[in-house]
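Worksheet: the structure to be examined is printed underneath.
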Amino acid sequence: FFFQAEDGIRDYKVTGVQTCALPILTLTATGAVSYSWSPSTGLSATSGSSVIATPSSNITYTVTGTNGTNCSASTSTFVKVNPIPIVNAVPSSSAICLSSSAIITASGAQNYSWSPSTGLSASTGNSVTANPASAITYTVTGTDVNGCSASSQASLIVNPPPVISIASTNPVICLGGNSVLNASGAMNYTWSPSTFLNATTGASVISTPTSNITYTVDAIDSNGCSSSSTSLMTVNPLPIIVPSSVDSSICLGTSTVLSASGAITYVWSPSIGLSSSTGNSVTCNTQSSINYTVTGTNANGCSALASIPVTVYSLP
């Protein structure tokens, strides 16, 4: 403004400004001795050459300056208050599994800056991929075309993978036997390979393998996190029992020797007419024709059967 004074014309200026909502702005006037500001809205004072303005909306401030001869003049400045951007940060999932990731997308501004950078694919841009190792809260600061900024936060929970264990009723079985595999530590289970299993899903399955095999269970817990565990099944072969007899046909009142090989221990049945029910060799003195069975067990505890028929002829 121009202030007409007795000693001439002096030039006083307060420039127009643009700021963001809730600003802290210093307005300074020169060219006079004392100053009066209006309106008082958002001003730290209504007098003085310099005041602090914190307007919440567009406003025009007027300053009236008075010189030493008590002559005064006024000028105005327009303060434009741009709105603060409304910045939102939305993760694709608020809870992730360890070693997995979530995409966090920000909106409401033009440029974005993310912090901390831990586990982030980038520290700028409206969309970043987060792969943190533990729970964390990210802050994004968005700046609009007017240079006004605002922040938003996105929190991620990181769930650990489930700890899966497999308990087997018989990790070592004999050929023809079976074992029950019980998995724990999660909610849903899938078994592989499917060979010799009664089912491929569920916490408990029955295995009847014919050779050594390793089963894998893939499990998913209530958080959707997955893990796996393995179990080795060992299959021992059955003994091959070879029976023999000195004479499979005898006369009444005579005897014969029955023998078996291929195992370590032997059990004979029925015990009728036998000198013993155990051992690899027994004496038979039966009174009638009969079919004996010998059960042989090897060092692994696996057993097999063999039969020896004995025919008894009556005396003339």
Side-chain angles (χ1 to χ4, degrees), residues 20-23 56 81-168 180-195 197-207 213-232:
C20 302
L22 302 178
S56 59
V81 180
N82 293 309
I84 294 176
I86 300 175
V87 177
N88 289 312
V90 180
S92 57
S93 176
S94 59
I96 63 174
C97 301
L98 186 65
S99 299
S100 63
S101 61
I103 297 175
I104 308 176
T105 303
S107 61
Q110 187 177 42
N111 299 310
Y112 304 90
S113 176
W114 299 82
S115 67
S117 60
T118 307
L120 289 183
S121 59
S123 58
T124 59
N126 71 308
S127 182
V128 294
T129 300
N131 184 21
S134 59
I136 192 170
T137 296
Y138 291 107
T139 298
V140 60
T141 300
T143 304
D144 64 13
V145 292
N146 296 314
C148 299
S149 300
S151 298
S152 181
Q153 292 184 326
S155 296
L156 291 181
I157 297 173
V158 180
N159 293 310
V163 179
I164 308 303
S165 61
I166 302 176
S168 173
V180 178
L181 303 177
N182 295 299
S184 61
M187 190 166 63
N188 298 313
Y189 305 89
T190 301
W191 300 82
S192 65
S194 60
T195 310
L197 290 181
N198 70 323
T200 56
T201 59
S204 181
V205 295
I206 299 174
S207 170
I213 189 171
T214 297
Y215 290 106
T216 299
V217 62
D218 296 310
I220 300 175
D221 64 13
S222 58
N223 295 316
C225 299
S226 61
S227 186
S228 62
S229 184
T230 60
S231 178
L232 171 65

message: Measuring from atom OG of Ser127 to atom CD1 of Ile104, what distance do you get when rounded to the nearest 0.5 angstrom?
response: 9.0 Å
field: From CA spacing to verdict: side-chain contact (heavy atoms from CB on, under 4.5 Å), Val180, Ser204
entry: CA-CA 7 Å; Val180 178; Ser204 181; 3.4 Å; yes
message: Between Tyr215 and Thr195 (side chain of the first, backbone of the second, donor and acceptor by atom type, cut-off under 3.5 Å), is there such a pair?
response: yes
Close side-chain approach of Val205 to Asn198, heavy-atom, < 4.5 Å: yes
query: Just how far is it from atom CD1 of Ile164 to atom CG of Asp218, taken to the nearest 0.5 Å?
result: 9.5 Å
message: Are Asp144 and Pro83 packed together at the side-chain level, in the sense that at least one heavy-atom pair is separated by less than 4.5 angstrom?
response: no
task: Supply the atom-to-atom distance Ile157 CD1 to Ser94 OG, rounded to the nearest 0.5 angstrom.
output: 6.0 Å
query: Can you name the closest pair of heavy atoms from Trp114 and Asn126 and give their distance?
result: CZ2-O, 3.8 Å
- request: Check whether more than 12 heavy atoms from other residues, nucleotides or ligands sit under 6.0 Å from atom CG of Leu232, and answer yes or no.
  value: yes
field: Closest contact, heavy atoms only, Leu156 versus Ser93
entry: CD2-O, 3.1 Å
task: Return the minimal non-hydrogen interatomic distance between Tyr189 and Ala219, and the atom names on each side.
output: CD2-CB, 3.6 Å
- request: Indicate yes or no: at least one non-hydrogen side-chain atom of Pro116 is less than 4.5 angstrom from one of Tyr138.
  value: yes
statement: Here the side chain to side chain donor-acceptor pair (under 3.5 Å) pairs for residues 147-167, sequence neighbours left out, are Thr137-Ser155, Thr139-Gln153, Thr141-Ser151, Thr143-Ser149, Ser165-Ser184
- line: One should read off an interatomic distance between Ile220 CD1 and Ser228 OG, to the nearest 0.5 angstrom, of 11.5 Å
field: Closest non-hydrogen atom pair, Pro91 against Ala89
entry: CD-O, 3.9 Å
message: Return the OG to CD1 distance between Ser229 and Ile166, rounded to the nearest 0.5 Å.
response: 4.0 Å
query: What pairs of residues pass the disulfide (SG to SG under 2.5 Å) test when at least one of them lies in residues 111-145, not counting sequence neighbours?
result: none
message: If you compare all heavy atoms of Val87 against all heavy atoms of Ala150, which two are closest, and at what distance to 0.1 Å?
response: CG2-O, 3.7 Å
message: Less than 4.5 Å apart, side chain to side chain, heavy atoms only: is that true for Pro160 and Leu98?
response: no
query: Under 3.5 Å, side chain of Ser123 to main-chain N/O of Ser117, donor-acceptor pair present?
result: no
- prompt: When you look at Tyr112 and Val128, which way does the side-chain contact (heavy atoms from CB on, under 4.5 Å) test go after all the steps?
  reply: CA-CA 10 Å; Tyr112 304 90; Val128 294; over 6 Å; no
task: Kindly give the heavy-atom pair with the smallest separation between Leu197 and Ser207, and that separation in Å.
output: CD2-CB, 3.7 Å
- line: Interatomic distance, CG@Asn82 vs SG@Cys148, rounded to 0.5 Å, equals 4.5 Å
field: For Val158, the option from Ser100, Cys225, Pro132 that meets side chain to side chain contact (heavy atoms under 4.5 Å, CB included)
entry: Pro132
